[in-house]
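Protein chains get the first letters and strands the later ones, always in sequence-line order, with residue 1 at the start of each.
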2 protein chains.
Amino acid sequence: MASFREQKIAKKKQEILRSAAAVLAEKGYHGTTMEEIAAQLLMTKGSMYYYFKNKDDILYHCHQMIMELSLEKIEEVVNSDDNPIEKLESAIKAHILLSISEKSMFMIMDRPYQKFTDEQLKEVLDARRNYAHYFDKIIKEGMEKQVFENVDPKMVRMIILGAINYIQQWYNQNGPNTDEEIADSYATNLLKMVVKKK
Amino acid sequence: MASFREQKIAKKKQEILRSAAAVLAEKGYHGTTMEEIAAQLLMTKGSMYYYFKNKDDILYHCHQMIMELSLEKIEEVVNSDDNPIEKLESAIKAHILLSISEKSMFMIMDRPYQKFTDEQLKEVLDARRNYAHYFDKIIKEGMEKQVFENVDPKMVRMIILGAINYIQQWYNQNGPNTDEEIADSYATNLLKMVVKKK
DNA sequence: TTATATTTTTACTATTAGTTTAAATAGTAG
DNA sequence: CTACTATTTAAACTAATAGTAAAAATATAA
């Protein structure tokens, strides 16, 4: 039974993670103090240790949260009945929209090997490999079904992931383009790399 | 007269920057101590302060160094007599090859606003705007000369820069592809986004 | 060789941050 | 109201580090 109390704690943890991600994204991992994380929630840093083991642990759970969300989305796309062109387009757009709406979380996910060791690092890298693999799967499917040109799936995947993850670096809430426009433009342009011309 | 002594100091500074970049790239800015930077050079941290004002200053000069190199390269490309297709190809390849050969330097250039303030931040951002501008120039030239499709130059530039800067994240000296193969593959695929098909 | 300038090391300071602990407060069931 | 539990706080502890300054070592030149 997920008791009332357990639910309450889970909710509080989520709150802490969201708030922490915002500070961590702005100041960087080592640049952020536990006090800052706590202050933003009107708590004291001691309280943080009631909910999380330590600073690493907070970052790790941020990773977990966003990796789960990302994997869910792409699995849905991969398992759909769409053709590879539509799948690749959906995968790109979904990733972009998620990375914009969860900008802070995505921003703190760089260089995991600088922040984690052992078990945690393994988990993170596995999840990423997994995610990348789904992209490869779509690209290969497109090639098999002759709707994509013959390309090196790994290279194309790296180009796509690099391009879409870079958006966090320049995205601005008040910029001239809506999120959808950005997602559309990226998808359209990136698809031109692989889709066969008649 | 750039005296003998001044040259010696300049050389030593370069040595420190290169070595520092390697440590900074591996451990991150806040994760690297002045002592570690010094130790790798078989020096003590006191000496570091003889050559550089402080830790920021070291990072800043790393930035300067690589930005100068990058700008030189792209200016050369932009001012050449090549057609826009060749220019874009050269710009992409040059950036990739430089970012691989100077991997550490490039890796420490992320999130400048987390590391610099005021004057230094301004310098860094200006140089980047400048660099980005050259890409836009090539893209616009290609559109004017009707060899590129009609695209949003900013979006295409962001896609390209994101893709090529991501290489540092996965590049491995001992990987299956040579640097040239990577550069070729990236250039070929990225150009497909813009080059008009007959 | 001696005097001077440059470079490096050593020792120190002050600060800061992550974590732990014990005490205080709030909440709840009987 | 009471006793117990859960949560939060504040203080204390530890370890680490950026930066400084003066002394020591080394190189240079007269």
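- Distances were taken from every side-chain heavy atom of B:T44 (C-beta onward) to each of D:dT7, C:dT7, C:dT10; the shortest belongs to C:dT10.
- Between A:D57 and A:Y51, the side chains place no donor N or O within less than 3.5 Å of an acceptor N or O (distance only, hydrogens not considered).
- Closest to the side chain of A:M43, from the set C:dT19, D:dT8, C:dT9, is D:dT8.
- Taking atom NZ on A:K12 and atom C1' on D:dT8, their separation rounds to 9 Å, with Å as the unit.
- For the pair A:L24 CG and C:dA17 P, the interatomic distance rounds to 14 Å; values are reported in whole Å.
- Checked against C:dG18, D:dG19, D:dT28, the side chain of B:K8 finds its nearest nucleotide in D:dT28.
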(message) Run the side-chain contact (heavy atoms from CB on, under 4.5 Å) test on A:D110 and A:K115 for me, step by step, so that the C-alpha distance in whole Å, both residues' side-chain angles and the decisive distance to 0.1 Å come before the verdict.
(response) CA-CA 9 Å; A:D110 64 321; A:K115 296 152 182 166; 3.1 Å; yes
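- The distance between atom CD of A:E35 and atom C1' of D:dA11, rounded to the nearest whole Å, is 12 Å.
- If you measure from atom CD1 of B:I16 to atom C1' of C:dT8, you get 11 Å, rounded to the nearest angstrom.
- Figure legend: cation-pi geometry between A:K103 and A:Y171 absent, as NZ or CZ is not positioned both under 6.0 Å from the six-membered ring centre and within 45° of its axis.
- Cation-pi geometry between A:K93 and A:Y186 is not met at under 6.0 angstrom from the ring centre and within 45 degrees of the axis.
- Rounded to an integer number of Å, the gap from OH of B:Y50 to P of D:dT26 is 16 Å.
- In the set C:dT9, D:dA10, D:dT17, D:dT17 carries the atom at the smallest distance from any side-chain atom of B:T33.
- As rounded to whole Å, 13 Å separates atom P of C:dT7 from atom CD of B:E15.
- Of the candidate nucleotides D:dT20, C:dT19, C:dT7, C:dT19 has the atom nearest to the side chain of A:K45.
- Residue A:Y49 has its side chain nearest to C:dT20 when only C:dT8, C:dT20, D:dT20 are considered.
- Salt bridge absent: A:K87 and A:E76 never bring a charged side-chain N and a carboxylate O closer than 4.0 Å.
- The distance between atom CG of A:D56 and atom C1' of C:dA17, rounded to the nearest whole Å, is 14 Å.
- Residue B:F52 is classed as having no contact, given no heavy-atom separation below 4.0 Å to the nucleic acid.
- Rounded to whole Å, the distance from CE on B:M34 to P on C:dA11 is 19 Å.
- When distances are taken from the side chain of B:K55 to each of D:dA18, C:dG18, D:dT8, the shortest belongs to D:dA18.
- Looking at heavy-atom distances under 4.0 Å, B:K53 makes no contact with the nucleic acid at all.
- Of the candidate nucleotides C:dT8, D:dT7, C:dT19, C:dT8 has the atom lying nearest to any side-chain atom of B:S47.
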